[in-house]
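The first residue in the sequence is number 1, and the count goes up from there. Below, each value reflects all heavy atoms present in this structure, side chains not excepted, and no hydrogens, waters or symmetry copies. Since the structure is predicted, the reported quantities are computational estimates derived from the model, not experimental observations.
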Amino acid sequence: MKKDNYRTAIIGCGNLGKALAIGMIDGSISADRLEVTRRNTVVLRELAARGVSVHSENKDAVDRCELIILAVKPYNMDSILTEITPHIDPVRHVVVSVVTGISTAHIASFLPAGTPVFRAMPNTAADVKESLTCICYCHAGPVEIDIVNSVFSSMGSAIFINEELMEAATVMGACGIAFVMRFIRAMVQGGIEIGFDAKTAGLIVQQTVKGAAELLITRGGHPESEIDKVTTPKGCTIAGLNEMEHNGFSSALIKGIKSSYQKIEPV
């Protein structure tokens with residue numbers, strides 16, 4: 001696969017695939033070099049309006065593209081691999097899976113020998129260029145690694161990890177979006193209880209969460225050190241934190257993360 005002038009296909013463009021498509025055409029590639037497939041293409045009208053080729057023919061997309069991103073449901077993965085494998089050229093194509101729980105070895109077992117295979121775990125913040133994508137691979141050289149890194153870095157940040165950590169990365173990064181959203185929703189509900197309308201509470205909470213994350217990113221500190229700066233003796237912050245902990249806040253979050261991890265059944 002050449003570094004320049006390649007075309008990209010997203011096979012199975014659901015919510016995550018759509019987020020990736022939006023992130024890509026806003027960053028790493030032009031819309032006319034992207035194809036997305038889905039059985040029900042009506043829901044992808046927004047992408048079609050932006051110049052993306054939208055259709056339901058997976059094999060045609062593989063024939064026309066070089067970077068193939070698999071974004072299907074895990075239970076559909078084997079049938080999709082069986083369908084597209086006769087159209088995969090190990091020299092021309094790079095296959096990237098964003099599917100939970102499917103190993104590079106399992107994917108490679110369907111494909112022609114030597115096909116570069118990547119697993120990437122982004123999240124839906126890709127469409128606003130704020131995803132953190134964890135990546136691992138097999139049978140890939142420097143050119144393929146650089147291409148995949150460039151694509152996902154254009155939608156936020158990308159890091160390479162050992163494959164045995166990919167399920168954990170799924171929970172922390174992909175499921176983590178939902179965990180943070182639930183926290184934000186709870187804070188908004190609390191804000192309404194103490195007097196704000198929903199819109200104003202939402203604005204306050206969103207900026208507060210963004211500011212908290214930026215403090216850690218910019219300063220590289222530990223969350224507890226930032227907590228200490230706003231917890232004064234007999235103050236309202238420590239009172240609220242202690243009440244949350246008495247009701248199992250941290251414990252519930254940790255248990256939720258572990259439950260999500262245990263739900264994944266790697267193949």
- Note on the structure: Residues at least two apart in sequence or cross-chain that pass side-chain contact (heavy atoms from CB on, under 4.5 Å) with Met187, listed by chain then number, are Phe183, Val205
- Quick one: does Arg39's side chain have a donor or acceptor within less than 3.5 Å of a partner on Ser56's backbone? no
- Report yes if some heavy atom in the side chain of Val171 is under 4.5 Å from a heavy atom in the side chain of Phe179; otherwise report no. yes
- Pairwise side-chain contact, Ile69 with Met24, heavy-atom cut-off 4.5 Å (strictly under): yes
- Which distance, rounded to the nearest 0.5 Å, do you find between the CZ of Arg7 and the CG of Leu67? 12.0 Å
- Message: The criterion is salt bridge (charged side-chain N to carboxylate O under 4.0 Å, His left out); which residues satisfy it with Asp146, sequence neighbours excluded?
- Response: Lys3
- Message: Show every salt bridge (charged side-chain N to carboxylate O under 4.0 Å, His left out) that has at least one partner inside residues 49-62, sequence neighbours left out.
- Response: Asp26-Arg50
- Are Val98 and Ile10 close enough that some pair of their side-chain heavy atoms sits under 4.5 Å apart? no
- Task: Would you check if the side chain of Thr115 reaches a backbone N or O of Pro112 as a donor-acceptor pair within less than 3.5 Å?
- Result: yes
- Does a sphere of radius 6.0 Å around OH in Tyr261 hold more than 12 heavy atoms from other residues, nucleotides or ligands, not counting ones at 6.0 Å or beyond? no
- Flag yes if more than 12 heavy atoms outside Asn242 fall under 6.0 Å of its CG atom; otherwise flag no. yes
- Task: May I have all residue pairs that pass side-chain hydrogen bond (donor to acceptor under 3.5 Å, both in side chains) and include part of residues 167-184, sequence neighbours excluded?
- Result: Arg119-Glu167
- Message: By the ring-ring contact (aromatic ring centres under 6.0 Å, His included) test, which pairs, at least two apart or in different chains, include something from residues 66-113?
- Response: His106-Phe110
- Looking only at non-hydrogen atoms, find the nearest pair between Ile135 and Ala158 and report the distance. CD1-CB, 3.9 Å
- Message: Here's a test for you: under side chain to side chain contact (heavy atoms under 4.5 Å, CB included), which of Ser157, Pro122, Cys134, Ser131 qualifies with Phe152?
- Response: Pro122
- Taking the hydrophobic residues Ile, Leu, Val, Met, Phe, Trp and Tyr, and joining any pair whose side-chain heavy atoms are under 4.5 Å apart, which ones share a cluster with Ile204? Phe196
- Item | Check: Gly240 main-chain N/O paired with Glu243 side-chain donor or acceptor under 3.5 Å | no
